[in-house]
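These figures come from a predicted structure and were not determined experimentally. Atoms within a ligand are numbered from 1 in the order they appear, just like the ligands themselves.
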Amino acid sequence: MNQNFRKIITIDGPAGAGKSTMARELARRLTWIYLDTGALYRAIALTALRRGVDPADQPAAEELARSLKITALPGPNGTSIIVDGEDVTEQLRKPEVSLGAATISAWPGVREVLLSIQRGLGDEGKVVVEGRDMGTVVFPDAGLKLFLYADPEARAKRRFTELTAKGENVSFDGVLADQSKRDEADQSRPVSPLKAAPDAVTINTTNLSIEDVLQVMVNAFRNRFFCKTDD
Ligand code: DC
């Protein structure tokens with residue numbers, strides 16, 4: 001393996017582009033660690049909602065984030081999050097938490113708290129991280145950067161299927177509308193907006209199977225880490 005490259009693979013992209021599925025599967029194949037950074041934003045949003053803090057209230061949200069003891073425990077199927085000693089992982093996927101996370105992630109003070117946690121988790125190396133600003137801000141020196149995207153309808157369909165399978169009472173139109181709000185929030189925030197790093201490999205997953213996307217990723221990994229010439 002080419003030792004010049006940091007052993008971190010970043011996967012960024014909008015909600016529903018397939019990041020979690022692909023990051024988890026790629027990490028499994030490589031026997032690397034899988035880290036879902038959205039879970040950290042979700043944990044702060046959940047705590048805000050529980051404590052009656054409005055995620056849109058910047059000073060209150062930033063103060064809350066700074067006051068929490070947050071631990072992320074990466075596992076093969078996802079990232080468990082402990083907030084002040086309580087494992088909140090099971091409650092992070094609810095639609096209101098998704099919207100709260102999209103709002104709260106705009107605040108620089110919140111992002112700063114999570115930046116050091118995320119970088120600490122990447123220190124060990126051999127990690128596949130997914131999020132919105134992994135390749136642009138958190139791990140700009142990652143060995144391989146991937147950016148996944150897909151048409152909005154295809155992404156909403158995936159999320160709708162996932163939520164209904166979990167027994168959530170949601171409509172397709174509602175999921176699509178929430179997704180548009182989150183896309184807008186992710187792309188328009190002044191701090192760390194969602195965008196592909198200039199050196200990222202971009203993959204449109206709209207019409208690709210999981211295996212197809214995995215092939216593209218594994219090829220990109222081989223080219224990057226095992227190529228003979230430095231680029
Ligand atoms: O990937 P996700 O849907 O679990 O992310 C939840 C929210 O957190 C999403 O609206 C954007 C935000 N987020 C972020 O701003 N930066 C990250 N690295 C990961 C997530």
| message | Working note: Lys195 + Phe147, criterion side-chain contact (heavy atoms from CB on, under 4.5 Å); need CA distance, chi angles, decisive distance, verdict. | response | CA-CA 8 Å; Lys195 61 173 188 231; Phe147 188 87; 5.7 Å; no
| Regarding Arg6 and the six-membered ring of Phe139, is the cationic atom NZ or CZ under 6.0 Å from the ring centre and inside 45° of its axis? | no
| said: If you count heavy atoms of other groups shown closer than 6.0 angstrom to CG of Asn207, is the number above 12? | reply: no
| task | Over all heavy atoms of both residues, which pair between Arg182 and Ala102 is shortest? Give the atoms and the distance, please. | result | CG-CB, 3.9 Å
| message | Restricting to side chain to side chain donor-acceptor pair (under 3.5 Å), what partner residues turn up for Glu86, sequence neighbours left out? | response | Arg50
| field | Under 3.5 Å donor-acceptor, Arg155 side chain and Pro14 backbone | value | no
| remark: Sorted by chain and residue number, the residues having a heavy atom closer than 4.0 Å to an atom of ligand 1 are Thr37, Gly38, Tyr41, Arg42, Arg93, Ala101, Ala102, Ser105, Arg111, Gly131, Arg132, Asp133, Met134, Arg182, Asp186, Arg189
